[in-house]
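Each chain gets a letter, A, B and so on, in the order the sequences are listed, and its residues count up from 1.
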Protein chains: 2
Amino acid sequence: MVTIKDVARAAGVSVATVSRVYNSSAPVRQDTRDRVRAVAEQLGYSPHGAARSLITSRTHTLGVLLPDLYGEFFSEVIRGVDGAAQRAGYHLLVSSLRGESHGLEAALRSMRGRVDGLIVMSPDLDAGAAGRSLPSGFPVVLLNGPPSDAAYASLVVANAEGAQAMVAHLAGLGHRRIALVGGAARNYDAEERRRGYRQGLGEAGLPWRPDYEVAGDFSEESGHAAALRLLSLPEPPTAIFAANDCMAIGALSACRDHGRKVPDDVAVAGFDDIPMARYVDPPLTSVHVDISALGARATERLLDALRAPANRDLRRETLPTTLVVRRSCGALTPTPMREIP
Amino acid sequence: MVTIKDVARAAGVSVATVSRVYNSSAPVRQDTRDRVRAVAEQLGYSPHGAARSLITSRTHTLGVLLPDLYGEFFSEVIRGVDGAAQRAGYHLLVSSLRGESHGLEAALRSMRGRVDGLIVMSPDLDAGAAGRSLPSGFPVVLLNGPPSDAAYASLVVANAEGAQAMVAHLAGLGHRRIALVGGAARNYDAEERRRGYRQGLGEAGLPWRPDYEVAGDFSEESGHAAALRLLSLPEPPTAIFAANDCMAIGALSACRDHGRKVPDDVAVAGFDDIPMARYVDPPLTSVHVDISALGARATERLLDALRAPANRDLRRETLPTTLVVRRSCGALTPTPMREIP
DNA sequence: TTGTAAGCGTTATCAG
DNA sequence: CTGATAACGCTTACAA
C-alpha cells in the first residue's frame, strides 16, 4: 500500500507538504501542489482513514443503530440518513441490533473510535434508557424512542396525532364501530398510535371496546390474522385502522378472503403511507410519514452537534404527519391532503 | 477519552498487558487479567478502533456500495449482508452512489483504510469496469454486475433463466400474446430478464413483437404507464410480464383503471417476489429471488477472501430463482414451487 | 508472565 | 512556503 511517505519521496518533498496539499491546511506553492497531486495520482495514493482519525480524533463517520433492517421503513430511514451524511462528506457505519444479545451496549462499545456520533433508533420500550450505555457527552440523536431519555437529542413522529386524525376522519365519514389493529408489543410507535386511536374515539364520542383492539406485530401476516378475527366478531367493526400499512394490506386481503368489499362493507386505513399504498386495491387511506426526512433531519441535528459541541440542543422534536385519503376508507370525494399538527 | 494507558496505570500494569488481556494474544495471569478487566470496566474503557486498525491493518469493517438505497430490494441486500457480517464480527460501512458525481471512484478512494473488503453492486452497464478504479488485489465481490469484470469475484441472480421460465409458464397456460414491461435502461438485470423473455418466446414458438416490449424503470408508476400503453394496443396482449414486482403492481392497478379483470381478461406476472407480492389483489405470480441470501452469500465470499488471501476464488456464481405461481396469472391449480436452474 | 519500545500513517507544532 | 519531528492509541517483537 502506498503511503504519504512514498508520495513525498517520489515528489521530492516532505510528508508535511503532501499532507498540506491534501488538507489545504497551509499554503503550498502551486507548482509543488501540482507535482504532488500528479505523483499521488500516478502512484494511486489516497490517505489512510484510520491514521487520519487517530491524530485528528475525527472519523467522518456516523454510526446508525437500528432494531432491524427489515422492510421499507428502515430502508427509507437509511436513505434519508445517507443523503444528508453524504452531502456533508460523512460515511455511515450501519448496524442492526438483531441478534446482538447484549443489545445496544455491545454495539456501542464496538463502535468507539470508529464514529463521531450516533443515530440510535430504539422504539423498544424495554431497552429503556438507551443512553445508559453511552459515554455521556457523546453526540447522539435518538429516533422514535420513548421520552425517558431527556439527556439526548431526540426525534419522533407525530404518531398519536396522526392516529387521532385518522379516527376523526373515519368518524366523520359516519363510522361508529372503528377497530384498531395494533403494532408490535412493547413498541413505542405502536403505543403512541394506540393512544391516538383511543383519544380519537373519545373526541368523537365513541366508546372504547376491548374487542375492537387486536394485537399485531407490524407484519402483513399479523394484519391478515387480526382482521379475520375482527370480521368474525358478532358485531364486526365497520372500519379497521391498522397501525401500519403492511398490516392494513394484510387486512385488505383478509376482507377479500372473508367476502367483505372494501370500502363498501368495511373501511380500511393504515399508517406510514409507504409507496405501495397507492397501488393496492383499493388504494389505501393512510397517515403519511416522511420517513427519509426523519432520517435526514436526525443526521442534520447530529452534524450540528458535531460542529458545535458547546451549545448542545437536546430538544425532542416532533415530525408532523399527514392524512392521505384514498379509496379504501370510502370517502367518495377525496379531500386534499392536510397536515395534522 | 480513556485510553489503554489510563487503564494500565490504574491497574498497575503495562499497556502491553492490557492489550494482551483484550486480544488474548499471550498468556496473562488470571488475577492480573481480572484486575485489568475490572479497572477497564470501571473506567469505561474500550479500545480505539482506528488505532487498532492502524497497526493491525485490519478494520473489521466491510464496505457496501449500492447504486441507491431505495426500495425493498436494496434493503433486503443490506439485511443479508448485515446478518453475515455481524456473525463474523464485522462492521458495515454503507454508501450509495447516488449523487456521487465521480461514481465509484470517489467512493472507493474515501474508503481506503476504512474497510477490509468491498461488496459492490453496479448493475449499471455504463459503469462498465467497476474494477478499474479498485486497487488491484483488494478483496471485492461484485453483485449483479455485467460479466465484463472477470478479475473480480462476482455473484448474479439467474435473471434470464427466471424470465424464461415465467414465459414458459405463461405459454403453458395457453397465452400466445405475452408482453414485457422492461426494467431500467442500461441496467444489467433488466437486460438479462429481457433476454430471458425473448428466449422464452422463441422456445414456445411465439413471435417476438416490438410493440409487446415496453420500457419501464422498475417503479410502480412506470409499470402503470407501460401497462396502459399495452392495453391500448389494437391487439392487446393477454399476458403482461413485468421485469419486477413494483412494475407488476403498477400494471395491476392499470388493468383496474382500464376495466380489465386480472387474471380473467389479462394475466400479470412480476419478478423478485417481494413480501408484498402475496398480498396484492390478485396475489402476484412472480419469480422468487432470495435477495437477502444474495447479500449473505456475497458477504461470505468476501470473508473467505479475507481469511485466505492466497487462493483467490474469482468465480462468477449464479443464484437460482424460483417460479412462484399465484392467482394473477390465471393458473387455476397453483403448481408447487419449483427451482429453475 | 510481564515490561520496554518501536512502529502503523497521519496531522500539528515549530522552526526555518 | 517548506521541513523535521512529536504525537495519536494501539499491537508486537524482544528482553527480562
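Regarding A:D34, its CG atom lies at a distance of 13 Å from the P atom of D:dC1, rounded to whole Å. For the pair B:I55 CD1 and D:dC8 C1', the computed distance is 12 Å after rounding to whole Å. The distance between atom CZ of A:R58 and atom C1' of C:dG9, rounded to the nearest whole Å, is 20 Å. Going from atom CZ of B:R35 over to atom P of C:dT1 covers 14 Å, rounded to whole Å. Between the CZ atom of A:R20 and the P atom of C:dT13 there is a distance of 12 Å, rounded to whole Å. Atom CD in B:Q30 sits about 10 Å away from atom P in C:dT1, given to the nearest Å.
Residue-level contact check: A:P47 touches the backbone only, with heavy atoms under 4.0 Å from sugar-phosphate atoms and none from bases. Within the 4.0 angstrom heavy-atom criterion, only backbone atoms of the sugar-phosphate kind lie near A:T32; the bases stay farther away. Backbone-only contact: A:V13 has heavy atoms under 4.0 Å from sugar-phosphate atoms and none from a base. If you check every strand for non-hydrogen atoms under 4.0 Å, B:T56 touches sugar and phosphate atoms only.
Heavy-atom nearest nucleotides on DNA chain D were determined for A:S14 and for B:Y22, and the one closer to the 5' end corresponds to A:S14.
In summary, B:D304 and B:R307 engage in a salt bridge, as defined by a charged side-chain N under 4.0 Å from a carboxylate O. By the 4.0 Å N-to-carboxylate-O rule, B:R9 lies close enough to B:D6 to be salt-bridged with it.
You'll find that the side chain of A:L54 is closest to D:dC8, out of C:dT13, C:dC8, D:dC8. In this structure, the nucleotide among D:dC10, C:dT4, C:dT11 sitting nearest to the side chain of B:I4 is D:dC10. With distances taken from any side-chain atom of A:V15 to the nucleotides C:dT13, C:dC8, D:dT5, the minimum falls on D:dT5.
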Begin from the C-alpha positions of B:Y152 and B:V120 and carry the test side chain to side chain contact (heavy atoms under 4.5 Å, CB included) through to its verdict.
CA-CA 10 Å; B:Y152 296 93; B:V120 179; over 6 Å; no

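OP1 and OP2 of D:dG9 both lie 4.0 Å or more from every side-chain N or O belonging to B:T3. OP1 or OP2 of C:dT11 has at least one side-chain nitrogen or oxygen of A:R52 nearer than 4.0 Å. Under 4.0 angstrom from either OP1 or OP2 of C:dG3 there lies at least one side-chain N or O belonging to B:T17.
One side chain, A:S154 or A:R316, offers a donor N or O that lies under 3.5 Å from an acceptor on the other.
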